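Here's the structure, in structure tokens; my notes come after.
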Protein chains: 2
Amino acid sequence: MSNKKLTDGLPSRRSACPIAAALDLVGDKWSLLLIRDIGLFERHRNKDFQNAAETMPSNILADRLKRMTAYGLLEKRRYEERPPRYEYHLTRQGRELLPVLRELASWSERNLVGVKIPRRVKARAGGTGSD
Amino acid sequence: MSNKKLTDGLPSRRSACPIAAALDLVGDKWSLLLIRDIGLFERHRNKDFQNAAETMPSNILADRLKRMTAYGLLEKRRYEERPPRYEYHLTRQGRELLPVLRELASWSERNLVGVKIPRRVKARAGGTGSD
DNA sequence: CATTGTAACTTGCAAAAAGCAAGTTAAAGG
DNA sequence: CCTTTAACTTGCTTTTTGCAAGTTACAATG
């Protein structure tokens, strides 16, 4: 009955930079994975999202669906009336984010396959000449 | 002398999905903006980053530079010896993220120019047919 | 017609990350 | 010595995320 924090103040732009503006909308931990689920993995329903490999918390899931619907990236459709059930689809704007995801995936496959995440880092100077 | 939290446990992959893996590395609020600063805006030094339009907190900045250097996305170079001064450059891996940023910027320019962020949202069902 | 089941959320509280301001370090220059 | 500057670091507050349990609207079962 009372939306409080997460759904109230939607983010304002940090700057005029288009990259920053895009990240203000979808630059959090989960939004782009939801776009991936819907646009690339044919997942459309609440339960489908919960069955994704990443197990996103249900409150965050609900919030992101709401936010991205409000932004116009997603569209919420009732697919069943009498027990009211819903599914989410990408709008044109949402669909046009897929090339970003494909670039990310491509980068990941080229550069990250089997990347070993270091445990403890000191990050001191003195370039290793990785160029 | 004692790194504590932010620099210690580097993120582990949420899943085997390459998109998720990429976002585990750079899917936070600031990392991609730093890649942008270095790769697109010719900013390389601590102070340059602080002069960016977005005013990132200095502790977060330090942490992200350290993390991304540890990941192999950035390279730290000493450009002056006797007062020790450093600058950061993209490695090949870091540079190959730029197409992702270009896609993001392109999406933003096509879909977000002058987007009015709504103030308060209820996000109820009943599609508006935005497709 | 009470009981169980299920999708789609919502709520409360704890944990983690981000943000802010002030402090530190290593030197140069006066 | 005293001030200045780049490049961080530290302590503390605020915001976001995560977890677990609860709620709502029905359908189906017995």
Side-chain angles (χ1 to χ4, degrees), chain A residues 1-12 14 23-24 26-31 33-34 37 43-52 54-69 74 76-88 121-126, chain B residues 1-12 14 23-24 26-31 33-34 37 43-52 54-69 74 76-88 121-126:
Chain A
M1 295 301 170
S2 63
N3 304 14
K4 286 232 195 77
K5 271 205 299 250
L6 287 166
T7 43
D8 270 0
L10 303 199
S12 49
R14 279 176 284 194
L23 292 173
D24 286 337
V26 296
D28 69 288
K29 190 167 176 180
W30 294 106
S31 294
L33 288 190
L34 265 179
D37 281 349
R43 296 184 183 127
H44 296 281
R45 302 173 184 185
N46 200 298
K47 204 186 153 209
D48 298 336
F49 304 135
Q50 294 188 31
N51 288 342
E54 290 92 7
T55 58
M56 154 171 31
S58 64
N59 54 342
I60 305 288
L61 170 59
D63 178 69
R64 291 309 182 279
L65 290 173
K66 205 173 284 184
R67 279 183 26 173
M68 297 206 293
T69 302
L74 303 184
K76 185 179 188 176
R77 285 185 201 155
R78 182 177 303 170
Y79 70 89
E80 202 180 273
E81 280 295 325
R82 292 307 338 263
R85 295 290 144 80
Y86 308 97
E87 45 183 37
Y88 293 86
V121 188
K122 220 46 200 286
R124 281 268 139 254
Chain B
M1 294 303 170
S2 63
N3 304 13
K4 286 232 193 80
K5 269 208 298 258
L6 287 165
T7 43
D8 270 1
L10 302 200
S12 50
R14 278 176 285 194
L23 292 174
D24 285 338
V26 296
D28 68 287
K29 191 165 175 181
W30 294 106
S31 294
L33 288 190
L34 265 179
D37 280 349
R43 296 184 184 127
H44 297 281
R45 301 172 186 186
N46 200 298
K47 205 187 153 208
D48 299 335
F49 304 136
Q50 294 188 31
N51 288 342
E54 291 91 8
T55 59
M56 154 172 30
S58 64
N59 54 342
I60 306 290
L61 169 60
D63 177 71
R64 290 312 180 279
L65 290 172
K66 205 173 283 183
R67 278 183 29 171
M68 297 206 293
T69 302
L74 303 184
K76 185 180 187 176
R77 286 184 200 156
R78 183 177 304 171
Y79 70 89
E80 201 180 274
E81 280 295 325
R82 292 304 343 256
R85 295 292 143 81
Y86 309 96
E87 44 183 37
Y88 293 86
V121 189
K122 220 47 201 285
R124 281 268 140 255

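Remember, it's a predicted structure, so these values are computed and weren't measured experimentally. Each chain gets a letter, A, B and so on, in the order the sequences are listed, and its residues count up from 1.
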[N] phosphate, OP1 or OP2: any side-chain N/O from [X] under 4.0 angstrom?
X	N	result
W30(B)	dG19(C)	yes
K47(A)	dC9(C)	no
K29(B)	dA18(C)	no
R85(B)	dA28(C)	no
Y88(A)	dC9(C)	yes

Could you give the [atom1]-to-[atom2] distance, from [X] to [N], as a whole number of Å?
X	N	atom1	atom2	value
D63(B)	dA16(C)	CG	P	16 Å
H44(B)	dA7(D)	NE2	P	13 Å
E54(B)	dA18(C)	CD	P	16 Å
Y86(B)	dC8(D)	OH	P	7 Å
L61(A)	dC19(D)	CG	P	14 Å
I60(B)	dG11(D)	CD1	P	16 Å
L34(B)	dC8(D)	CG	C1'	14 Å
Q50(B)	dG19(C)	CD	P	14 Å

Given V26(A), D28(A), L34(A), the one that forms side chain to side chain contact (heavy atoms under 4.5 Å, CB included) with W30(A) = D28(A)

Sugar-phosphate, base or nothing in reach of Y79(B), heavy atoms under 4.0 Å | sugar-phosphate

Touch check for R82(A), heavy atoms < 4.0 angstrom, all strands: base, sugar-phosphate only, or nothing?
->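 The residue R82(A) makes sugar-phosphate contact but no base contact.
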
Axial cation check for F49(B) ring with R64(B), 6.0 Å and 45° limits = no

Minimum-distance pair of heavy atoms, taken over all atoms of A52(B) and D37(B) = CB-OD2, 3.8 Å

So, for R67(B) and D24(B), which heavy atoms are closest and what is the spacing to 0.1 Å?
-> NH2-O, 4.3 Å

Determine the sole option in R45(B), R43(B), H44(B), R78(B) for which the side chain to side chain donor-acceptor pair (under 3.5 Å) test with E87(B) is passed.
-> R45(B)

First encountered from the 5' end of DNA chain D, between E81(A) and S58(A) = S58(A)

Per nearest nucleotide of DNA chain D, the residue lying toward the 5' end, E80(A) or P84(B), is P84(B)

Measure from the side-chain heavy atoms of N59(A) and tell me the nearest of dT9(D), dT11(C), dA26(C).
->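 For the N59(A) side chain, the nearest candidate turns out to be dT11(C).
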
